[in-house]
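First up is the structure itself, then whatever we jot down about it.
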Amino acid sequence: CCFPSPPDCSAPCSHRAARSICGMHRFATLLLLLAACNAPQAQPQRLPTGDAVLEELRAADRSYCTATAARGLEAWLGAYADDGMRVDLFGEIQQGRAAIQAVDAALFANPSARLEWEPLHAAIFADGREGVTRGEWRFLVEGSVRARGAYLTLWRRAADGHWQVALDTGAPLIPEDAHEPWSKER
């Protein structure tokens, strides 16, 4: 009995040779999957992950804040990786510097406005290539706080070793006496 193409192993089959081939086909597929899962994987180079690296990440976040205060939108965008993403206060995602600039340019348009933040916590992933900072931000206009909140930034090491923003997001702190949730005017 010959099969010009693989038999349909899902259809009921009464022919003994066909059942045997279907069984071998399933067994071979399972064997290949197991072999692929157990094949030795190239281990990525691990980077240091101790306290010094945590402080390096916090310092990168603080430096990002200082540069943004001094140079505005240029520094804000410059810290993002080429494929970096930002999730704005309303949950909308911008990816890439051009998309982020289109949304955030208004934030930096007023010369008397300033966004500042402070990292309170940092963590490094096991391979040392990515880390996260979490902290508090505030938005000031003419020195007066207009909004404040919390943020989370995912950082990725660039090929040259410096930290870049892979993803940034934040949320406003809602005053306890607020009666309505924050909403986006459309």
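Hydrogens, waters and symmetry mates are skipped; everything else that's a heavy atom, side chains included, is used. Quick caveat: nothing in here was measured; it's all calculated off a predicted structure.
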- line: Looking only at heavy atoms, the pair that brings A67 and A75 closest together is O-CB, 3.3 Å
message: With heavy-atom distances below 4.5 Å as the criterion, would you say the side chains of V53 and R157 are in contact?
response: yes
field: Partner set under side-chain contact (heavy atoms from CB on, under 4.5 Å) for S112, not counting sequence neighbours
entry: N110, V141, E142
query: Taking the side chain as C-beta and beyond, is there a heavy-atom pair between E116 and R138 under 4.5 Å?
result: yes
field: Min side-chain heavy-atom separation L107-F139 under 4.5 Å
entry: yes
query: What residues, two or more places apart in sequence or in another chain, satisfy salt bridge (charged side-chain N to carboxylate O under 4.0 Å, His left out) together with D104?
result: R86
- prompt: What pairs with A158 under side-chain contact (heavy atoms from CB on, under 4.5 Å), at least two apart in sequence or on another chain?
  reply: D160, H162, Q164
message: Pair D83, R97 - check salt bridge (Lys or Arg N to Asp or Glu O under 4.0 Å), show working.
response: CA-CA 8 Å; D83 63 345; R97 290 185 187 122; over 6 Å; no
field: Linked hydrophobic residues, L152 as query - side chain contacts closer than 4.5 Å
entry: V132
- prompt: Considering residues at least two apart in sequence or located in another chain, which fulfil the side-chain contact (heavy atoms from CB on, under 4.5 Å) criterion with L167?
  reply: M85, V87, L154
message: Just to verify, what does Q95 make a side chain to side chain donor-acceptor pair (under 3.5 Å) with, not counting sequence neighbours?
response: none
query: Can you name the side chain to side chain donor-acceptor pair (under 3.5 Å) partners of T133, sequence neighbours left out?
result: D61, W155
field: Residue pair E56 / W163, side-chain donor-acceptor N/O under 3.5 Å
entry: yes
- prompt: Taking the hydrophobic residues Ile, Leu, Val, Met, Phe, Trp and Tyr, and joining any pair whose side-chain heavy atoms are under 4.5 Å apart, which ones share a cluster with L120?
  reply: none
task: For the residue pair I100 and Y80, establish whether any side-chain heavy-atom pair is separated by less than 4.5 Å.
output: yes
statement: Hits for salt bridge (charged side-chain N to carboxylate O under 4.0 Å, His left out) against E55, two or more places apart or cross-chain, chain-then-number order -> R58, R62
message: Would you compute the distance between atom CZ of R148 and atom CG of L140 and round it to the nearest 0.5 angstrom?
response: 9.5 Å
With sequence neighbours excluded, residues passing side-chain contact (heavy atoms from CB on, under 4.5 Å) with A69: R114
query: What closest approach, in Å, do L54 and A123 show between heavy atoms, and which atom pair accounts for it?
result: CD2-CA, 3.6 Å
- request: For F108, check ring-ring contact (aromatic ring centres under 6.0 Å, His included) against everything at least two apart and list the hits.
  value: W76
query: Which heavy-atom pair separates Q94 from A99 by the least distance, and what is that distance?
result: CG-O, 3.7 Å
- prompt: Stepwise, does the side chain to side chain contact (heavy atoms under 4.5 Å, CB included) test hold for E118 with E136?
  reply: CA-CA 6 Å; E118 177 65 27; E136 295 178 356; 5.8 Å; no
field: Heavy-atom side-chain contact between C65 and W137 under 4.5 Å
entry: no
